[in-house]
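Notes follow the structure.
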Amino acid sequence: MMENNFAMTQDAGLALSPDMNALLERYGFDRETFESLCARLAAGQAGDAQNRLASPVKAPDDGDVLPLPAPNTKAYAALQERGNEAIRDGKVAAVVLAGGMATRFGGVVKAAVDVAPGRSFLDLKLADIRASAARSGGRVPVYLMTSFATDADVTRMAEQASKEGQSVSAFAQFISLRLRQDGSLFRGRNEEPSPYAPGHGDLSVALRARGVLKRLVEQGVELIYMSNVDNLAATLEPAILGAHLASGKQISVEVADKAKGDKGGAPARVDGVLQIVEGFRFPKDFDQDSIPVFNTNSFVINTRAIDRDFDYSWFAVTKEVEGESVIQFERLVGELTAFLPCHCIGVTREGPEGRFMPVKDPPELETRRDAITQLLARRGAI
């Protein structure tokens, strides 16, 4: 990780302020990896072409995506009971991704934004987990992955929830610095470097580095249900847990039918292996419309399966910052499916049984607010 007197690479030729040094150290800046990525970018070895897969890619085979049975069927009830049993036995924990840069809601951390009167995104996520665990007859500890931009606020919310009797903890992902297209350090108008959180692919690494995964395994937790804080439809559903257990796989992902304008990952076979592939990774000549479903970024993951190092890819992603096109390197949690046997669960997108209603900004919240609150009311979270 980081050295106390960190200096930039020779190409950047500039030292960092004590405050920036302290921020980077606190959130686990990896100098060695950063310098390697700078060199790759400077050498023209990172970018759109390098992000794309060179291996053969094809649409999923028949049977690769197994729809969740309809509620009120025997098949659904059997999966639900299997998930209920896992919760009752203390084998399930929930991880909520509550990081990001806190920019889309006017500088307010999204987790703290109200969806219903007096009920924030995070409050509703926690209420759903409490309600689901209570119906199952157990308790489900919750871990919130924060970023440097959200850590203080989300940690306070976690502490408050814990005082009220729910087991909620926060752990931070890592931090890096944005670059110019030539691989040199980007500095903003204030002449300071521009830090960012390098993607939800930090998940398994941060769980291990912060000691969370070790704690979960020691407590007998075998499954993590992971979802985004801004997708309130991704409730803790025992049938989803049961479907994962029935598959015998090490990681399961919820996939939903695509709608016009959807961007993101989708299940595909790469060198014959079923996995989630992000949209920007598909070969340019691959018809992404040939895959009718996409990744909702909700996963069930076996805890012991991620207690090891993975050779994650670092993807060069272009962002606009202060009117300049800059590069930030990110890694993606969906890439776990390239290393672990994967199961795809087909879920309904919207409606009474919907499981994908993400909210990226205030206009989308206004559009989805009624549907989200109605759904959560039916599931006992409101």
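Residues: numbered from 1 along the sequence shown.
Distance alone, capped at 3.5 Å, places no donor-acceptor pair between the D151 side chain and the A172 backbone. Judged by distance alone, the side chain of S132 and the main-chain N or O of L236 form a donor-acceptor pair under 3.5 Å. Remark: side-chain polar atoms of K125 are paired, donor with acceptor, to backbone N or O of N231 under 3.5 angstrom. Although no hydrogens or angles enter the test, the distance criterion places a donor-acceptor pair under 3.5 Å between the side chain of R210 and the main chain of Q173. In this structure, E81 contributes its side chain and A77 its backbone to no donor-acceptor pair below 3.5 Å. Proximity of a side-chain donor or acceptor of S147 to a complementary backbone N or O of A149 within less than 3.5 Å is detected.
The neighbour count for N72 CG, taken as heavy atoms of other residues, nucleotides or ligands under 6.0 Å away, does not exceed 12. By the neighbour-count criterion of 12 heavy atoms within 6.0 Å, atom CZ of R40 is densely surrounded, having more than that number from other residues, nucleotides or ligands. Within a 6.0 Å sphere centred on CG of N190, heavy atoms belonging to other residues, nucleotides or ligands number more than 12.
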Steps toward side-chain contact (heavy atoms from CB on, under 4.5 Å) verdict (L24, F148): CA-CA 9 Å; L24 295 177; F148 72 93; over 6 Å; no

Derivation of the side-chain contact (heavy atoms from CB on, under 4.5 Å) call for N295 and E278: CA-CA 9 Å; N295 168 29; E278 287 303 309; 4.0 Å; yes

Audit row: C342, K249, side-chain contact (heavy atoms from CB on, under 4.5 Å) steps and yes/no: CA-CA 6 Å; C342 171; K249 306 295 188 189; 6.0 Å; no

Trace of the side-chain contact (heavy atoms from CB on, under 4.5 Å) decision for N297 with L97: CA-CA 10 Å; N297 212 47; L97 302 185; 3.8 Å; yes

CA sep, side-chain torsions, deciding dist, call: F339, F310, ring-ring contact (aromatic ring centres under 6.0 Å, His included): CA-CA 8 Å; F339 306 110; F310 294 98; 5.5 Å; yes

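Side chain to side chain, Q166 and E164 fail the donor-acceptor criterion of an N or O pair below 3.5 Å. Side chains of Q181 and S325: a donor on one and an acceptor on the other come within 3.5 Å. For the residue pair Y312 and S204, a side-chain donor N or O sits within less than 3.5 Å of a side-chain acceptor on the partner. In the model, R88 has no side-chain atom that pairs as donor or acceptor with a side-chain atom of S136 under 3.5 Å. In summary, the side chains of E335 and S313 do present a donor paired with an acceptor at a separation below 3.5 Å, with no hydrogens or angles considered.
A pairwise comparison of heavy atoms in F174 and G28 identifies CD2-O, 3.8 Å as the closest pair. Across all their heavy atoms, I291 and A266 have their closest contact at CG2-CB, 3.9 Å. In terms of heavy atoms, S298 sits closest to S227 at OG-CB, 3.9 Å. Of all heavy-atom pairs spanning A206 and M145, the tightest one is CB-SD, 4.4 Å. Nearest heavy atoms, R135 versus G380: NH1-CA, 4.4 Å. Across every non-hydrogen atom of S162 and V168, the tightest pair is OG-O, 2.7 Å.
Using a 4.5 Å cut-off on side-chain heavy atoms (C-beta onward), N228 and K110 make no contact. Considering only heavy atoms from C-beta on, F186 stays 4.5 Å or farther from L177 through its side chain. Counting heavy atoms from C-beta outward, S169 and L144 have side chains that stay 4.5 Å or more apart. Using a 4.5 Å heavy-atom cutoff, the side chains of V347 and V255 are not in contact. Residues F329 and S176 are not in side-chain contact: their nearest non-hydrogen atoms beyond the backbone lie 4.5 Å or more apart. With contacts defined as side-chain heavy-atom distances shorter than 4.5 Å, the pair S247/S252 qualifies. The shortest distance between side-chain heavy atoms of C38 and L179 falls below 4.5 Å. Counting heavy atoms from C-beta on, the side chains of R269 and V57 never come closer than 4.5 Å.
The OG1 atom of T373 sits 13.0 Å away from the CZ atom of R368 when rounded to the nearest 0.5 Å. The CD1 atom of I240 lies 4.5 Å from the CZ atom of R355; values are rounded to the nearest 0.5 Å. Taking OG from S17 and CD from E191, the interatomic distance works out to 12.0 Å, rounded to the nearest 0.5 Å. In this structure, OG1 in T33 is found 7.5 Å from CZ in R331, a value given to the nearest 0.5 Å. Here Y225 contributes atom OH and I129 contributes atom CD1; the two are 9.5 Å apart, rounded to the nearest 0.5 Å. Distance CD1/I345 to CG/L241: 8.5 Å, rounded to 0.5 Å.
Electrostatic pairing of R119 and D114 does not count as a salt bridge here, judged by no charged N lying under 4.0 Å from a carboxylate O. Between D361 and R104, no side-chain nitrogen of the basic residue sits less than 4.0 Å from a carboxylate oxygen of the acidic one, so the salt-bridge criterion is not met. Checked for salt-bridge contact, E218 and K214 meet the test: a charged N lies under 4.0 Å from a carboxylate O. A salt bridge is defined here as a Lys NZ or Arg NE, NH1 or NH2 lying under 4.0 Å from an Asp or Glu carboxylate O, and E324 with R180 meets this definition. Classification of D309 and R208 as a salt-bridged pair holds, one side-chain N sitting under 4.0 Å from a carboxylate O.
A single hydrophobic cluster is seen to contain both I224 and I251, as judged by linkage of ILVMFWY side chains at heavy-atom distances under 4.5 Å, directly or through other members. In the hydrophobic cluster analysis, where Ile, Leu, Val, Met, Phe, Trp and Tyr join through side-chain heavy atoms closer than 4.5 angstrom, V326 is grouped apart from V317. By the criterion of side-chain heavy atoms lying less than 4.5 angstrom apart, applied directly or through intervening Ile, Leu, Val, Met, Phe, Trp or Tyr residues, M101 is grouped together with L23 in one hydrophobic cluster. Using a 4.5 Å cut-off between side-chain heavy atoms of Ile, Leu, Val, Met, Phe, Trp and Tyr, with links allowed through other members, V300 and M226 fall into different hydrophobic clusters. Grouping the Ile, Leu, Val, Met, Phe, Trp and Tyr side chains by contacts below 4.5 angstrom, directly or via other members, places F171 apart from V142.
Each of L213, N302, L207 was scored for a side-chain contact (heavy atoms from CB on, under 4.5 Å) with D307, with one residue passing: L213. A side chain to side chain donor-acceptor pair (under 3.5 Å) with S194 is found for exactly one of K319, R187, E322, R178, namely R178. Tested against R304, the residues V217, L216, V221 include a single side-chain contact (heavy atoms from CB on, under 4.5 Å) partner, V217.
For residues 236-288, the set of pairs meeting the ring pair (Phe, Tyr, Trp, His ring centres under 6.0 Å) definition, not counting sequence neighbours, comprises F280-F315, F282-F286.
In this structure, F121 and F105 have perpendicular ring planes: the angle between them is above 60°, well past the 30° mark. Ring orientation note: the planes of F294 and F356 are nearly perpendicular, at an angle over 60° on the 30°/60° scale.
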